[in-house]
Number of protein chains: 2
Amino acid sequence: MDTKTLCLGIISRGAASGYEIKKAFEEGGMNHIYHTSYGSIYPALTALTREGLVDCAEMAQEKRPDKKVYTITAAGRAALENALSMPPADDKFRSDFLFILFFAHFVPPARIAMLIDQRIAWYENCLADMNTPGHCRHTTAGETFVHNLGVAVYSSAADYLKTNRQLLLDQISHPDQQVAE
Amino acid sequence: MDTKTLCLGIISRGAASGYEIKKAFEEGGMNHIYHTSYGSIYPALTALTREGLVDCAEMAQEKRPDKKVYTITAAGRAALENALSMPPADDKFRSDFLFILFFAHFVPPARIAMLIDQRIAWYENCLADMNTPGHCRHTTAGETFVHNLGVAVYSSAADYLKTNRQLLLDQISHPDQQVAE
DNA sequence: TTTCGCATGTAAACAGTTACATGATTAC
DNA sequence: GTAATCATGTAACTGTTTACATGCGAAA
């Protein structure tokens with residue numbers, strides 16, 4: 001999914017500036033699904049405007065820098081629907097955390113314990129945010145569905161880590177002993 | 001985690017060629033954690049050899065192309081342990097599938113149904129592979145821990161999709177009706 | 001007979017992030 | 001005072017993927 005389509009998706013939910021689009025990928029309901037940086041967003045918005053898929057309105061603000069607010073056009077909505085109708089690329093996932101755990105026998109047990117604890121805390125923090133009313137609006141059925149899937153997956157990962165943390169630590173601390181199942 | 005460290009990790013489990021390293025990221029226990037392509041692996045192996053972190057042995061084979069088998073050196077193991085001791089970068093995740101579901105109201109319900117069904121089938125196929133004895137060895141506690149975390153997460157995602165599939169389809173098919181909770 | 005698996009490698013193309021440039025206001 | 005938030009944008013750098021180049025043997 002290219003950055004232009006990602007921006008088009010956010011703008012389809014309501015007029016937004018480049019800055020607000022970035023926030024949507026960090027805080028809003030799109031968090032954890034995709035992310036981008038200003039270096040991708042601003043050029044994408046310029047291209048979308050040039051192609052007539054969004055309209056750009058310059059807004060002067062008091063006590064704040066000016067902003068450019070983008071609105072989706074009919075052609076933009078058609079382009080978004082078209083992009084959404086293409087076969088999705090495979091999910092892309094890469095995790096240093098899991099890579100390190102994979103080689104837990106090369107790492108001091110205290111560090112493994114710390115990494116797992118940090119990860120559990122991270123999940124619990126995310127889950128708390130996701131339950132905060134007003135975290136995001138969940139206006140559509142799709143948003144709610146994706147949000148709840150995220151909650152289910154993060155909860156199960158956190159549960160697994162809590163349940164199996166000590167087992168792993170015992171195994172790497174006493175490599176010669178058989179650990180009962 | 002750079003490609004050199006990824007290769008070093010794989011080679012630490014036993015001598016391997018570039019071709020076999022690629023397979024480890026597609027089929028072995030490292031599957032779903034990280035992936036790379038030949039275009040990254042071969043230059044990384046050249047660099048690791050130059051830096052003395054691996055040894056390279058050229059093996060002539062019958063009825064097969066020659067291969068270069070890489071073995072980790074003491075310096076290589078130290079470099080791996082050092083890389084493993086650095087704070088892990090955040091997980092990177094991006095999903096076209098979830099992006100499309102997020103905008104389910106712009107997509108024909110039949111397509112949403114198909115995408116969810118395909119995803120459930122994909123998870124079930126992965127879970128079946130992961131349960132196949134000999135899929136990978138799980139020689140270490142870390143490998144088993146990561147493997148079982150994967151099973152837990154994929155199972156919960158598949159369960160969620162199965163349980164909530166129809167609810168989402170009802171909501172996007174009858175957008176004006178309130179759906180009871 | 002065509003595709004798949006084995007096997008290595010390079011170059012070009014593409015995507016993405018980081019750092020820089022600029023600057024006012026507000027909260028701690 | 002210092003950090004964070006608001007706000008846009010470019011350029012350089014880094015990393016990754018894809019396509020190309022080559023070719024045998026085995027299975028479908």
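Note: hydrogens, waters and symmetry copies are ignored here, and every other heavy atom, side chains too, is used. We name chains A, B, ... by the order of the sequence lines, and we start the count at 1 in each one. Just so it is clear, the model here is predicted, and its values are computed rather than measured.
- Where Tyr34(A) and Thr46(B) each meet DNA chain C at their nearest nucleotide, the meeting point lying more 5' is that of Thr46(B).
- An OP1 or OP2 oxygen of dC6(D) is reached within less than 4.0 angstrom by a side-chain nitrogen or oxygen of Lys23(A).
- Residues Met114(B) and Asp117(B) form no side-chain contact, since every pair of their non-hydrogen atoms from C-beta on lies 4.5 Å or further apart.
- Close to dT8(C), at under 4.0 Å from its OP1 or OP2, lies a side-chain N or O of Ser17(B).
- The distance between atom NZ of Lys67(A) and atom P of dC6(D), rounded to the nearest whole Å, is 10 Å.
- At dA7(C), one or more side-chain N or O atoms of Gln61(B) fall inside 4.0 Å of OP1 or OP2 (strictly under the cut-off).
- Atom-to-atom, CG of Leu45(B) to C1' of dT10(C) comes out at 15 Å; the value is rounded to the nearest Å.
- Across the protein-nucleic acid pair, Leu6(B) atom CG and dG15(D) atom P stand 12 Å apart, rounded to whole Å.
- Grouping the Ile, Leu, Val, Met, Phe, Trp and Tyr side chains by contacts below 4.5 angstrom, directly or via other members, places Leu48(A) apart from Val69(A).
- Between dT8(C) and Tyr42(B), a contact under 4.0 Å exists linking OP1 or OP2 to a side-chain N or O.
- Rounded to whole Å, the distance from CG on Asp66(B) to P on dG23(D) is 14 Å.
- The ring pair (Phe, Tyr, Trp, His ring centres under 6.0 Å) search around Tyr19(B) returns none, not counting sequence neighbours.
- Counting any heavy atom pair closer than 4.0 Å across all strands shown, Gly18(B) reaches sugar-phosphate atoms only and no base atom.
- Protein atom CD of Glu20(A) is 13 Å distant from nucleotide atom C1' of dT5(D), rounded to whole Å.
- Once rounded to the nearest 0.5 Å, the distance linking CD1 of Ile33(A) with CZ of Phe97(B) reads 10.5 Å.
- In this structure, the NZ atom of Lys4(B) is 13 Å from the P atom of dT16(D), given to the nearest Å.
- Contact annotation: Thr3(B) side-chain N/O to dG15(D) OP1/OP2 distance is not under 4.0 Å.
- In the set dT8(D), dT10(C), dA7(C), the nucleotide with an atom closest to the side chain of Pro43(B) is dT10(C).
- Side-chain atoms of Ser156(B) and Asp159(B) include no donor-acceptor pair closer than 3.5 Å.
- Residues of residues 80-99 of chain A that place a heavy atom closer than 4.0 Å to DNA chain C do not occur.
- Between dA7(D), dT10(C), dT8(C), one nucleotide has an atom nearer to the side chain of Tyr19(A) than all others, and that is dA7(D).
- Side chain of His35(B), nearest nucleotide from dT17(D), dG9(D), dA7(C): dT17(D).
- dT8(C) atom C1' lies 16 Å from atom CG of Leu48(B), rounded to whole Å.
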Practice problem: I would like to know whether Asp66(A) and Glu58(A) meet side chain to side chain contact (heavy atoms under 4.5 Å, CB included); could you show each step before the answer? | Solution: CA-CA 7 Å; Asp66(A) 293 357; Glu58(A) 255 160 291; 5.9 Å; no
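- Listed pair Lys22(A) / dT8(D) fails the phosphate criterion, with no side-chain N or O lying under 4.0 Å from OP1 or OP2.
- Residues Ile100(A) and Arg111(A) have side chains in contact (heavy-atom distance under 4.5 Å, counting atoms from C-beta outward).
- Residue Tyr70(A) places its side chain closer to dG9(D) than to any other of dG16(C), dA7(C), dG9(D).
- Spacing between atom CD1 of Ile41(A) and atom P of dT18(C) amounts to 13 Å, rounded to whole angstrom units.
- Atom CG in Asn31(A) sits 10.0 Å away from atom NE2 in His147(A) (nearest 0.5 Å).
- Closest-nucleotide positions on DNA chain C for Asp2(A) and Arg64(B) were compared, and the one nearer the 5' end corresponds to Arg64(B).
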